[in-house]
Each structure stands twice: as structure tokens, then as C-alpha cells.
Amino acid sequence: MPPKNRKVAVMGYRSVGKSSLCIQFVDGQFVDSYAPTIENTFTKNLRVRGQEYGLELVDTAGQDEYSIFPAQYSMDIHGYVLVYSITSEKSFEVVQIIYEKILDMMGKVTVPIVLVGNKTDLHMERVVTTDQGRKIAEMWKAVFLETSAKQHEAVNDIFTRVILEIEKADGNISPE
Ligand code: GDP
């Protein structure tokens, strides 16, 4: 089977670790002081359930509650990774606003989404509980993961799961 090309936007408030997650996934390293992103694209091939995928990741500039949803993040995007930091209440609020905007734009269709609570290594600074994240994801019928880009914890899962969600939305695999 030829590889399938899939494009995924990584969105969320600034400094939640969007770039760090992408770089950890693509390069297998954690860069501590990565310059703030304007927009970056990463590509990586991966195999999920025997199928080869060419995954293109759009690492977006951070959004806030006032950001107008950029049209280019709706056009040819197959799925979304929405990231907040478990150390930031604000980032958890912003991710919910971004979700509303995605939904407004896409209408009623199922949108493949993985909700990610990043920075689990900073457990002393945690302000968003695992339960809060899980509840929101349940409401959205989205996948929920907590990760640490720093410790390479569950990072690859994000991208495998988003591929599976995309395939599910396309009707290619039945939901679990
Ligand atoms: P972005 O603006 O969302 O792309 O965030 P960055 O990837 O630039 O990360 C912002 C800051 O958080 C940087 O100093 C990163 O080193 C740090 N960071 C990102 N992910 C983690 C993580 O999982 N754990 C910890 N402790 N720091 C992280």
C-alpha cells in the first residue's frame, strides 16, 4: 500500500510545549530553550496498524482567547492536537476556546482531536487535574493523553492516536 499523507495542526496557548512535543516526536530530543514559534512544519513517516503514513505536523504560533481562527488551519487539516500545560489554568481555558472555534468552523462533522495535557514531570506545579482533562475530552469524544515532552512520556502516542482518530472519522476503522 502506498503511504497516506495526513496533515495535523498542533494548537494551544503559548509555552505549553507544542514545539517540544513535535521535536521530541520527530527528532527524539528535548530542546530546553527553543525560540517561540511563528509556524513550523515537521514531517515524519510512521507506521500504524501496518499502514505507512507521511505525517505533516503544523506547529502553530500559540493562540489565546482573542485569536481569530486562522483559515489555513481549517483547509487541508485532517486532525488536531490541542495542547495545554497541566501547570497552567489559563492554557486549559484557551484550549477549550480553540475547540469551540474549530467546531464552529467545521460544522457538525466529527473532527479528529487528541487533547494533550503536557508537562506531567512538573507534578509539584500541577493545577489542572487529570480528571478535568479527561472530562473535557469525554464531552468532545476526543482522545485524552497526559504527556511530558521533557521525559518523552506518551509523546509518540499522541501521533499514533491522531492517525487512528482520522481513520475512524473516515470510516476506515470501527470505533473501539
Ligand atoms: P510552545 O510555545 O507551546 O511551542 O512551547 P515550547 O515547546 O516552546 O515550550 C515552552 C517551554 O516549556 C520551554 O522552555 C520548554 O523547554 C518547556 N517545556 C515543554 N514541554 C515540557 C515538558 O514536558 N516538561 C517541562 N518541564 N518543560 C517543558
Side-chain angles (χ1 to χ4, degrees), residues 8-44 46 48 55-70 73 77 79-103 111-166 168 176:
V8 166
V10 181
M11 305 186 79
Y13 193 46
R14 73 178 105 89
S15 283
V16 295
K18 297 181 295 301
S19 300
S20 301
L21 289 167
C22 291
I23 293 166
Q24 186 59 277
F25 174 62
V26 172
D27 289 344
Q29 57 172 329
F30 180 70
V31 187
D32 220 328
S33 56
Y34 186 73
T37 312
I38 298 168
E39 184 185 298
N40 232 325
T41 301
F42 299 89
T43 54
K44 181 163 163 136
L46 75 163
V48 181
L55 183 60
E56 189 176 336
L57 291 177
V58 184
D59 176 19
T60 66
Q63 292 77 40
D64 64 25
E65 63 272 51
Y66 308 112
S67 301
I68 293 169
F69 198 89
Y73 299 152
I77 298 289
Y80 295 88
V81 174
L82 301 188
V83 187
Y84 65 93
S85 165
I86 64 150
T87 65
S88 159
E89 190 66 53
K90 168 96 181 189
S91 73
F92 191 56
E93 286 162 20
V94 167
V95 97
Q96 294 173 63
I97 294 166
I98 295 170
Y99 172 80
E100 294 297 333
K101 288 181 181 167
I102 292 174
L103 229 63
V111 186
I113 290 177
V114 177
L115 176 66
V116 176
N118 187 41
K119 307 199 186 183
T120 51
D121 56 290
L122 300 176
H123 38 88
M124 300 295 281
E125 293 166 44
R126 182 191 277 271
V127 293
V128 183
T129 66
T130 302
D131 237 34
Q132 282 175 289
R134 192 184 293 131
K135 285 214 172 85
I136 294 285
E138 266 169 25
M139 251 163 42
W140 297 354
K141 297 187 173 48
V143 170
F144 174 59
L145 290 170
E146 284 193 334
T147 63
S148 167
K150 186 165 186 172
Q151 297 185 332
H152 208 328
E153 183 74 45
V155 176
N156 294 358
D157 294 348
I158 299 173
F159 303 99
T160 305
R161 295 300 296 269
V162 78
I163 295 268
L164 288 171
E165 288 301 293
I166 291 167
K168 228 196 277 179
E176 304 103 86

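Side chain to side chain, E39 and Y73 meet the donor-acceptor criterion of an N or O pair below 3.5 Å.
With Q63 contributing its side chain and G12 its backbone, the two residues share a donor-acceptor pair below 3.5 Å. For T120 (side chain) and T147 (main-chain N/O), a donor-acceptor pair under 3.5 Å exists by modelled atom type. Of the possible polar contacts, one joining the K18 side chain to the Y13 backbone as a donor-acceptor pair under 3.5 Å is found. The main-chain N or O of V10 is found under 3.5 Å from a side-chain atom of T60 such that the two form a donor-acceptor pair. Under the 3.5 Å distance criterion, the side-chain polar atoms of Q132 are matched with a main-chain donor or acceptor of T129.
Between L115 and G133, the shortest heavy-atom contact is CD2-O, 3.5 Å. Counting all heavy atoms, side chain and backbone alike, S19 lies closest to D59 at OG-OD2, 2.6 Å. In this structure, A149 and V155 approach most closely via the heavy-atom pair CA-CG2, 4.0 Å.
For the pair K44 and F159, the cation-pi test (distance below 6.0 Å, angle within 45°) is failed.
K135 and E138 are not joined by a salt bridge, as no carboxylate oxygen comes within less than 4.0 angstrom of a charged side-chain nitrogen. A salt bridge is absent between E146 and K119; no separation between the charged side-chain nitrogens and carboxylate oxygens falls under 4.0 Å.
Between V114 and the options I163, L145, D157, a side-chain contact (heavy atoms from CB on, under 4.5 Å) holds for only L145.
For the atom pair OH (Y84) and CD (Q96), the distance works out to 9.0 Å, reported to the nearest 0.5 Å. If you take CD on E56 and CD1 on I77, they are separated by 8.0 Å, rounding to the nearest 0.5 Å. Put simply, NE2 on H123 and OG1 on T87 are 12.5 Å apart, with the number rounded to the nearest 0.5 Å. Here the CD atom belonging to E153 is positioned 9.0 Å from the CG atom belonging to D121, to the nearest 0.5 angstrom. Atom CH2 in W140 sits 5.5 Å away from atom CG in L82 (nearest 0.5 Å). Distance OG1/T160 to CG/L55: 9.5 Å, rounded to 0.5 Å.
Side chains of I86 and L122 form no contact here, defined as non-hydrogen atoms less than 4.5 Å apart. Considering only heavy atoms from C-beta on, V116 comes within 4.5 Å of L21 through its side chain. Within the 4.5 Å cutoff, the side chain of V8 has no heavy atoms near those of the Y80 side chain. When side chains are defined from C-beta on, H152 does not count as touching F25, because their heavy atoms never get closer than 4.5 Å. With contacts defined as side-chain heavy-atom distances shorter than 4.5 Å, the pair F30/I23 does not qualify. The closest side-chain heavy-atom distance from I97 to K101 is below 4.5 Å. Looking at K90 and V94, their side chains come closer than 4.5 Å, going by heavy atoms from C-beta outward. Under the 4.5 Å side-chain criterion, counting only non-hydrogen atoms from C-beta, V83 is not in contact with M11.
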query: Does the pair D64 and S67 meet the rule for a side chain to side chain donor-acceptor pair (under 3.5 Å), with working shown?
result: CA-CA 5 Å; D64 64 25; S67 301; 3.3 Å; yes

task: Take N118 and S85 through the side chain to side chain donor-acceptor pair (under 3.5 Å) test and state the conclusion after the steps.
output: CA-CA 5 Å; N118 187 41; S85 165; over 6 Å; no

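Partners of R14 according to the side chain to side chain donor-acceptor pair (under 3.5 Å) rule, which considers only residues two or more places apart in sequence or in another chain, do not exist here.
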